[in-house]
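Before any comments, here is the structure.
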Amino acid sequence: MPEQQQIRVKRKTRHCQHFLLSCCLFFAILCACLTAALVLVGKHYYYNELPDFRWSSSGGSSPPKPIERLPRNVLPNSYDIILKPYLDSGRFEGLVNISLGVSEATDRVILNSKALKIGSVNLYNSSGSALDVQDIIADEYEEKLSIVSKSLLDLGEYSLSISFTGTLLNKTSGFYMSRYKADDGTVRSIATTKFEPTYARQAFPCFDEPNMKANFTVHLLKPKESEYIALSNMPEDGDPVDVEDGVMVHFKESVKMSTYLACFIVSDFKSTNDEIMSSHGNIPFRVFATPAQLEKTNYARVTGKKIMEFYLDYFNIKYPLPKLDMVAIPDFVSGAMEHWGLVTYRETALLFDKNISSSNNQQRVATVVAHELAHSWFGNLVTMNWWNDLWLNEGFASYIEYKGVNAAEPDWGMMDQFIVDDLHAVLKLDATMASHPIVQTVETPDQITEIFDTISYNKGASVLRMLENAVTESIFQKGVTMYLNKHAYGNAVTQDLLNELQSLSEDGVDITEFMNTWTVQKGYPIVTVSKTQTGFRLTQKRFLADPDKDDSASGNVAYGYKWTIPITYITDKNNESKLVWFKHTDSHVDIDAGDADWVKFNDHQVGYYRVNYEDEDWMKLIKNIRNLDVSNRAHLFEETFSIAESGQLPYRIPLDLTKSLVEERDYVPWVAASNALDKIKDYLISSDVYSNYKTYIINTVSKAYEHFTWVEKPDEGHLFKRARVVVLDLACTMGHADCLKEAKKHFDDWLQGTINFSQDLRGLVYSFGMESASAEEWEKVWEKFVNEIDAGEKIRLMNGLASTKEPTLLIKLIELAKDDTYIRKQDYFSLLSSISSNPLGTSIVWDYVRENWLVLVNRFGLNDRYLGRLIPSITQRFSSTVKMEEMEAFFAKYPNAGAGESARKQALETVSNNIKWLEENKKSVEDWIKAN
């Protein structure tokens, strides 16, 4: 290294040109001073610690410009990383040695770095000789670090060594600190990581893009206290070594993987241990949690083992790593993260206590575990080439998780539950102008973060489900395995999967053209069914919640909002599903149904489309609804209300359908119906017939209420328990006298220390009991909340606190939530959403968020997608032009939404649709209620 060094720090912010020019002199003087200083310190480069940079943290400037991808002339082969987290001070030190391959001569190495203070930088050629580094350029906006060599780097192998320091505090991404309260009341600290999508660069300088895979060798420092352990993706390599400031734990080299899959944890957690049976050798399997909650890991361990053994058979590919760990993290911003070999979870997504947790908690643990473990192959072994194809990772895992849970819990009817848990929510979103295609170009970190949404997950899963049904399950499974084998340890795009399926296709369908109509254009079709002399004629058009907003004429749509649809149907004469292709180039398709009295299209709602019949055919389906299975019944409830809401079906049809609920006892149809009925309640809250409507629903639900009761019997199954919660929740929501009486009785008994009700009913008891509770009772619940250590129970108590009808207590709750020793940062937005769902809390939260927007941005950052999604959650029930104007004014004041840009569009469109609904549908619904 030369004796005189120079550092040039480029901060690419959007100041005006004159300001930049005025800064030049300042930076010139600064560089001169630094050069002189560096002569004294010798062979080290330094630059000031970069802040946790957020573009326009004021929330008030124009949107950010696109960010260039890293060049491909220099690629990492391997990383050797030493990390030293100091839990007492909340800082960490690190050293990374990166083995590089240069494929095109260059004078610089460009990689990612954010919020790190860089120390020494050394660059070596393949023979180990040091090269002179001329410049280090830090670009805050693009989150890049450029190492400029004095001499040209020719083709060949090089190594780059960088030391650095950073902070673990005040964040839940990158390398960060999480805390929890132990049994003895002491606060314990751990260090952990969360790197997806663009946060590995906050832990160590790296090539932080998914298609720049490399091998990782990790060394972690842990405290000398014997209870502390260190974990990473791979098993330990040899014995830990005592060093001056702790104990260094060494790990074996990993397989090739993307930076976002690396994981480092230093904690005092304990584990339950098992083995996953495999024909390639058993796989050590451990589940970690805080010591006091170790027993709560048993369900995830047992279920995870079953799911992994199913996946090993399904994919027919060995698990690529030598071990598998799962860890429950007290502070975790996402539900879970599929770090390869070391999967991390929120406590609510991994821990289950049969004495406290509900059936819903149990199912959440199973589904999240199944989702993350599916990524071991689809996402980790083969990774999307760039975030544009995120759906390849998340859509697949979101679908295959149902197969995994179905294998572990065959009595849960998971494939039926798919339609109410995944499909229905995305059909609502994707019927708006604010939606986006599954495959969408993303460039900035905000855009990348934002695409982790309902479209990538739910629509991706729903389209894959439709694809599997169309090509057959066996071909789909075989094609997936061929795809994984072909691209193992590498990256892929959507077309790569379609090519493998095409090679197996037996019916001549162009798989690429079929799937492109669903992935490269947003939205989905509504198929209109008309009678002909010989059967039915089907036509298609785009379905929109507000058809007047159709933008088909824009000319920017690849297929003109036409889709190739695999039409399925059953009849009263034949319950075996038939399939007919409706190509996007066809104006219609004709179907001969023979002498069938009724035809039900989109069997099991396996297709991602809607169906609208003539009124007479709708009435036939309503009349025969008890002849349909649970998924088809649920389909009709969701479909009729959604089409009626768009103004394309008279409301008397879905409302007539609700009469069948008197005899309904199954979980899935009740979920679909309850969601629709609750939405109507929100629309009618200021109507003269509001009380009449609630009376109608009470009468409709009463038989089911009497069937399920508040008393759980020992032999009840999972779906029966879940159906009870849906029915009782609907009954209490609508003011069923006995339901509210029972809820309050159980609530009072619980406050007195007596629990004589099922854990499945805790959420109902807390929420409905709190509605009539006094301020003194609220304080008692708050005390219970503060002292509760079970994360699932804390969420139920939190929602109960948010249900009070006393506005001053809601305001107090918001103030208390500012202290994350009460409300963890990961639960903050859930709390605000819960308060806003309380009719008395909606305006309180809306005013609070608008008045404190800059505080929230400063605390969470505009890159936090949960901050962005808070807006549609708060405003979803707004239905006046006054509220619309308030939203528009707020967005105009803070135009840069960061990762919440799409969420704002969705919020505005939802309110616009609500206003239109009241104008066009309110009277017809009121008339039906008066008549019934």
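Keep in mind it's a predicted model, so treat the numbers as computed, not measured.
- No side-chain donor-acceptor contact under 3.5 Å links Asp331 and Thr172.
- Looking only at distances, a side-chain donor or acceptor of Asn914 sits under 3.5 Å from a matching main-chain atom of Phe878.
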**Q.** From CA spacing to verdict: side-chain contact (heavy atoms from CB on, under 4.5 Å), Trp782, Leu813
**A.** CA-CA 9 Å; Trp782 171 256; Leu813 185 56; 3.8 Å; yes
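- Note: Phe352 and Tyr299 meet the aromatic proximity criterion, with ring centroids under 6.0 Å apart.
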| task | Start with the C-alpha distance between Arg364 and Asn361, add both sets of side-chain angles, then the distance that settles side-chain hydrogen bond (donor to acceptor under 3.5 Å, both in side chains), and finish with yes or no. | result | CA-CA 5 Å; Arg364 172 162 170 76; Asn361 295 145; over 6 Å; no
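- Side-chain atoms of Tyr766 and Glu793 include a donor-acceptor pair closer than 3.5 Å.
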Q.
Please evaluate residues Thr821 and Asp819 with respect to the criterion side-chain hydrogen bond (donor to acceptor under 3.5 Å, both in side chains), reporting the C-alpha separation (whole Å), side-chain torsions for both, the decisive distance (0.1 Å), and the verdict.
A. CA-CA 5 Å; Thr821 61; Asp819 185 345; 2.6 Å; yes
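- Contact record, Asn932 with Tyr696: O-CD1, 3.8 Å, taken as the closest heavy-atom pair.
- We find that Asp847 and Arg850 are joined by a salt bridge, their nearest charged nitrogen and carboxylate oxygen being less than 4.0 Å apart.
- Geometrically, Lys681 does not engage Tyr690 in a cation-pi contact, judged by NZ or CZ lying under 6.0 Å from the ring centre and within 45° of the ring axis.
- Closest approach of Ser398 to Phe418, counting heavy atoms only: O-CE1, 4.4 Å.
- No side-chain donor from either of Ser767 and Asn799 sits under 3.5 Å from a side-chain acceptor of the other.
- One finds no salt bridge joining Lys703 and Glu664 here, because no Lys/Arg side-chain nitrogen approaches an Asp/Glu carboxylate oxygen to under 4.0 Å.
- Here the side chain of Glu779 pairs no donor or acceptor atom with the backbone of Ser774 at under 3.5 angstrom.
- Side-chain contact between Met770 and Val781 is present, with at least one heavy-atom pair separated by less than 4.5 Å.
- Listed for the Ser837 side chain is a donor-acceptor partner under 3.5 Å among the backbone atoms of Ser834.
- With no hydrogens or angles considered, a side-chain donor-acceptor pair links Glu638 and Ser642 at under 3.5 Å.
- Judged by distance alone, the side chain of Gln752 and the main-chain N or O of Thr754 form no donor-acceptor pair under 3.5 Å.
- Side-chain contact, Glu806 with Thr808: a donor N or O sits under 3.5 Å from an acceptor N or O.
- For the pair Lys812 and Trp778, the cation-pi test (distance below 6.0 Å, angle within 45°) is failed.
- Between Phe708 and Phe720, the ring centre distance stays below 6.0 Å.
- A cation-pi geometry, defined here as NZ or CZ lying under 6.0 Å from the six-membered ring centre and within 45° of its normal, holds between Arg859 and Tyr828.
- Listed here is the closest heavy atom pair of Val727 and Tyr705: CG1-N, 3.7 Å.
- Taking the six-membered ring for Trp and the full ring otherwise, the centers of Tyr894 and Phe890 sit less than 6.0 Å from each other.
- When only modelled atom types and interatomic distance are considered, Ser836 and Thr842 share no side-chain donor-acceptor pair under 3.5 Å.
- Between the Asn787 side chain and the Glu783 main chain, a donor and an acceptor come within less than 3.5 Å of each other.
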For Ser687 and Glu926, what are the C-alpha separation, side-chain angles and deciding distance, and is it a side-chain contact (heavy atoms from CB on, under 4.5 Å)? CA-CA 8 Å; Ser687 169; Glu926 289 176 333; 2.5 Å; yes
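- Taking each heavy atom of Ile329 and Ile265 in turn, the nearest pair found is CD1-CD1, 4.2 Å.
- Side chain of Ser334 to backbone of Ala336: no donor-acceptor contact under 3.5 angstrom is found.
- Separation of the Trp917 and Tyr683 ring centroids falls under the 6.0 Å cut-off.
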Leu761 and Arg724: side-chain contact (heavy atoms from CB on, under 4.5 Å), yes or no, with the steps? CA-CA 9 Å; Leu761 300 178; Arg724 169 187 285 117; 3.9 Å; yes
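- No donor-acceptor contact under 3.5 angstrom links the side chains of Tyr848 and Glu815, judged on distance only.
- In this structure, the separation between OH on Tyr693 and CE on Met734 is 4.5 Å, given to the nearest 0.5 Å.
- Within the model, atoms CD1 of Ile844 and CD1 of Ile835 stand 8.0 Å from one another, a figure rounded to the nearest 0.5 Å.
- Because its NZ or CZ atom is both nearer than 6.0 Å to the ring centre of Phe785 and within 45° of the ring axis, Lys794 counts as a cation-pi partner of that residue.
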Check the pair Ser267, Glu227 against side-chain contact (heavy atoms from CB on, under 4.5 Å), reporting the backbone distance first and the verdict last. CA-CA 8 Å; Ser267 74; Glu227 63 266 31; over 6 Å; no
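- In this model, no donor atom of one side chain and acceptor atom of the other lie less than 3.5 Å apart for Glu771 and Thr804.
- Arg346 places no side-chain N or O within donor-acceptor distance of the main-chain N or O of Ala791, the cut-off being under 3.5 Å.
- Around the NZ atom of Lys883, the shell of radius 6.0 Å holds more than 12 heavy atoms that belong to other residues, nucleotides or ligands.
- Atom NZ of Lys181 sits in a sparse spot, with 12 or fewer heavy atoms from other residues, nucleotides or ligands closer than 6.0 Å.
- Aromatic pair Phe829/Phe860: ring centres closer than 6.0 Å.
- Contact between Ser833 and Leu870 at its shortest, heavy atoms only, is OG-CD1, 3.8 Å.
- Between Lys825 and Asp820 there is no salt bridge, since no side-chain N of the basic residue sits under 4.0 Å from a carboxylate O of the acidic one.
- For the 3.5 Å distance criterion, the side chains of Asp184 and Thr186 qualify, holding a donor opposite an acceptor.
- Side-chain atoms of Ser358 and Asn360 form no donor-acceptor pair, as typed in the model, at a separation below 3.5 Å.
- Between atom NE2 of residue His424 and atom CG of residue Asn675 there is a gap of 9.0 Å, rounded to the nearest 0.5 Å.
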Where do Asn838 and Ser803 land on the side-chain hydrogen bond (donor to acceptor under 3.5 Å, both in side chains) test, with the steps shown first? CA-CA 6 Å; Asn838 180 339; Ser803 300; 5.7 Å; no
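- Within the model, atoms CD of Glu742 and CZ of Phe768 stand 14.0 Å from one another, a figure rounded to the nearest 0.5 Å.
- The CG atom of Leu918 sits 11.0 Å away from atom CG of Asn913, with the distance rounded to the nearest 0.5 Å.
- The shortest non-hydrogen separation linking Val911 to Ser880 is CG1-O, 4.3 Å.
- Atom CG in Leu728 sits 8.0 Å away from atom OG1 in Thr709 (nearest 0.5 Å).
- Atom NZ of Lys741 is surrounded by 12 or fewer heavy atoms from other residues, nucleotides or ligands within 6.0 Å.
- A side-chain donor from one of His718 and Gln363 sits under 3.5 Å from a side-chain acceptor of the other.
- If you check the side chains of Tyr866 and Ser830, you find no donor sitting under 3.5 Å from an acceptor.
- Remark: side-chain polar atoms of Asp760 are paired, donor with acceptor, to backbone N or O of Ser359 under 3.5 angstrom.
- Heavy atoms from other residues, nucleotides or ligands lying under 6.0 Å from NZ of Lys805 number more than 12.
- The closest side-chain donor-acceptor pair between Asp827 and Tyr822, if any, does not fall under 3.5 angstrom.
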